[in-house]
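Data block below; observations after.
Residue numbers start from 1 in every chain, and the chains themselves are labelled A, B, ... in the order their sequence lines are given, proteins ahead of strands. As the structure is a computational prediction, the values presented were derived from the model and not from experiment. Computed over heavy atoms, backbone and side chain alike; hydrogens, waters and symmetry mates excluded.
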2 protein chains.
Amino acid sequence: MRAVERFTENPLICPEAVRPSRPDLEVTRVFNCGATLYKGRTVLLMRVAERPIPEKGYMSTAYLDPRQPGGYATLRVRLDDPDLDLADPRGVFFYKGVPYLYVVSHLRLATSDDGRRFTVEDRPAMLPEFDYEVYGVEDPRIVFLNGWYYINYSAIAPTGVTTALARTADFKTYEKLGIIFAPDNKDIGIFPEKVGGSYVCFHRPSMKQIGAPSMWLAFSDNLLDWGRHRFVIGPRPGLWDSERVGCGAHPIKTPRGWLEIYHGADANIRYCCGAVLTDLERPWIPLARGDDPILFPHASYEMEGFLPNVIFHNGLVQRPDGSVDLYYGAADTTVCGARLDVGAVLDGLRPVKA
Amino acid sequence: MRAVERFTENPLICPEAVRPSRPDLEVTRVFNCGATLYKGRTVLLMRVAERPIPEKGYMSTAYLDPRQPGGYATLRVRLDDPDLDLADPRGVFFYKGVPYLYVVSHLRLATSDDGRRFTVEDRPAMLPEFDYEVYGVEDPRIVFLNGWYYINYSAIAPTGVTTALARTADFKTYEKLGIIFAPDNKDIGIFPEKVGGSYVCFHRPSMKQIGAPSMWLAFSDNLLDWGRHRFVIGPRPGLWDSERVGCGAHPIKTPRGWLEIYHGADANIRYCCGAVLTDLERPWIPLARGDDPILFPHASYEMEGFLPNVIFHNGLVQRPDGSVDLYYGAADTTVCGARLDVGAVLDGLRPVKA
């Protein structure tokens, strides 16, 4: 029995299926989506990446102009400009030493009856609005708590990469609640219930000098302020997750512990999904972890695209029949899905020595 | 009228005045200290840096061995070992690609009747104990709240540079409360009173890719969990604080706003003190800031030492007569002090345009 079975319908959503937010922009990629069930339907909140319609010989990008609410500014540079530095492969370029993103992202809703065939809304659900979102809003995770769908997302700005929180009750109006994790922090997965009387999340700080990008855990009493940090797991030299690890969506509660489907990357920037099980009451303690990924780039839509060999999962749906579906970005270009066999995943883990 | 007047007694405390915590270690530096008044006396909680007694031709350092509580492990490497990388000037070296600190730090108490002549205790006040403190505890700040002296300090470990919290009522026993800021975060200054019903602090995340090390602000309801983050001020290209800024001790409440004596550094790693005034009710909004430092390396004890041209202030005492003293580390080597004229500092600020 395989632990993960890709949907035969993959890729579920391609950039061509997404209408740009403005006539002067084009959608280049639709990927990393949060996911949940809402009124029995599967809801995806997807990252949609846009850029100005390209001109030959030029590179251009758009970003929020906070002096002009809702308005974008544009940077347009000749490709042979010596001040243009395109060396970084992960979505950032530098012009005159200042970092810019290739694209500006917003969040867009897609809905489905069967979790496989989706209708994409014509208009953005959440756009960049504030000074901490100037370079876009990305990679949402959704969790249902106290009657609200809480959405955390990466907010990118010249001041840093933070994680912000928003909430909605109806996926029509969204209330932004501000920054919950200071830079650099991404990959926050808020648990679907309290542990020991407090809210809990996994988070993923990135460090400059000491330490590798790792999964940490924090507690909160109000979902806004997070602390009581604990290290959970880090990269493993020589394995598929040798360079960085970060949580996917929120963990799945099982009788044996909290099962987190996380992402790991190696030095070749190959992103896979793996599994770790943590203690139910002390959720920062890893109990078991898989030696191998449960899902690695193999299908053509995962091996070709903007960032080849990337599977990035941040949406998870537990259905009333007990089945679990993962949604993931493939090659940072499309939205895909897979069915997860929780029992098979648990059976594939090996105890972590204390 | 000068805004800052160095104590003629400087340096107040030198490494020779500090007894090592163990016979196999030597104290190489005593510097960055938190400060407060306790029962009318000036109390400093100082960073004491130790290393194994040197051997010719070898470089060695000590760090906590968490499997052996209270015990240190030692790394000893030939200076000509090709796996030894000493290129980083700021206290970190690499051996076989793994970062180590040159020293392991603990916190030591010194007390004084006049704030200038100190008696240093023979034994450490706070030692590294936990896995998040393996490489030492550093740079404490002290604030008095609810009958407790709260001490935040940098906790250094292979997993990253975090800020942890502790408290004491008597400067005899200390209760450690865990990590309050995930890596990389240093330079936390908790305000001496609540603002808008919540605790407030300045903090200083460091970023990997986008953004420069800047002063941010966060709120908390329990001093353990921090969120609602706001950007406050960043480095200013071309000025003395062009590379990094971070808060010193907690801010001083004035009728015009919160006056924070912060540190800034330029590309030459020259650290100075400067001043910024923020709004009383919305303390993340800078109202005024000095173009020039109020204190820059000039005295011989500031220009010579382990890290020359460094003034790093993290201790502040407001005396009953209204005078304010700054305590600072000079050249990362000694403890020094200076009298601050708050009125003169305020008069030297220039309004920040909104």
Part of [X] within contact of chain A (heavy atom distance under 4.5 Å):
X      : answer
B:Y132 : neither
B:L177 : neither
B:I156 : side chain
B:P235 : neither
B:L224 : both

Name the region of A:L165, side chain, backbone, both or neither, that has any atom closer than 4.5 Å to a heavy atom of chain B. neither
Counting C-beta onward and ignoring hydrogens, is there a side-chain heavy-atom pair between A:H229 and B:P183 closer than 4.5 Å? no
Would you say that more than 12 heavy atoms from the other residues, nucleotides or ligands in this model lie under 6.0 Å from the CD of B:E281, or not? no
Qualifying side-chain hydrogen bond (donor to acceptor under 3.5 Å, both in side chains) pairs, either residue in residues 150-160 of chain B, two or more places apart: B:E133-B:Y153, B:Y150-B:R167
[X] side, atom [atom1]; [Y] side, atom [atom2] - distance, nearest 0.5 Å:
X      : Y      : atom1 : atom2 : value
B:F181 : A:F181 : CZ    : CZ    : 10.5 Å
A:Q209 : B:D184 : CD    : CG    : 8.0 Å
A:D225 : B:D221 : CG    : CG    : 5.5 Å

Using the rule given for side-chain contact (heavy atoms from CB on, under 4.5 Å), can you reason through B:F231 versus A:I179, listing the C-alpha separation, both sets of side-chain angles and the distance that settles it, and then say yes or no? CA-CA 10 Å; B:F231 178 84; A:I179 299 173; over 6 Å; no
What pair of heavy atoms forms the shortest contact from A:M207 to B:G160, and how long is it? CG-CA, 4.5 Å
Scanning both residues in full, the closest heavy-atom pair of B:I210 with A:V161 reads CD1-CG2, 4.4 Å
Pairs of heavy atoms under 4.5 Å with chain B: top-ranked of [options]:
options                : value
A:A164, A:P158, A:G178 : A:P158
A:A182, A:A212, A:P99  : A:A182
A:A218, A:S198, A:G211 : A:G211

Non-neighbouring partners of B:Y199 that pass ring pair (Phe, Tyr, Trp, His ring centres under 6.0 Å), sequence neighbours left out: none
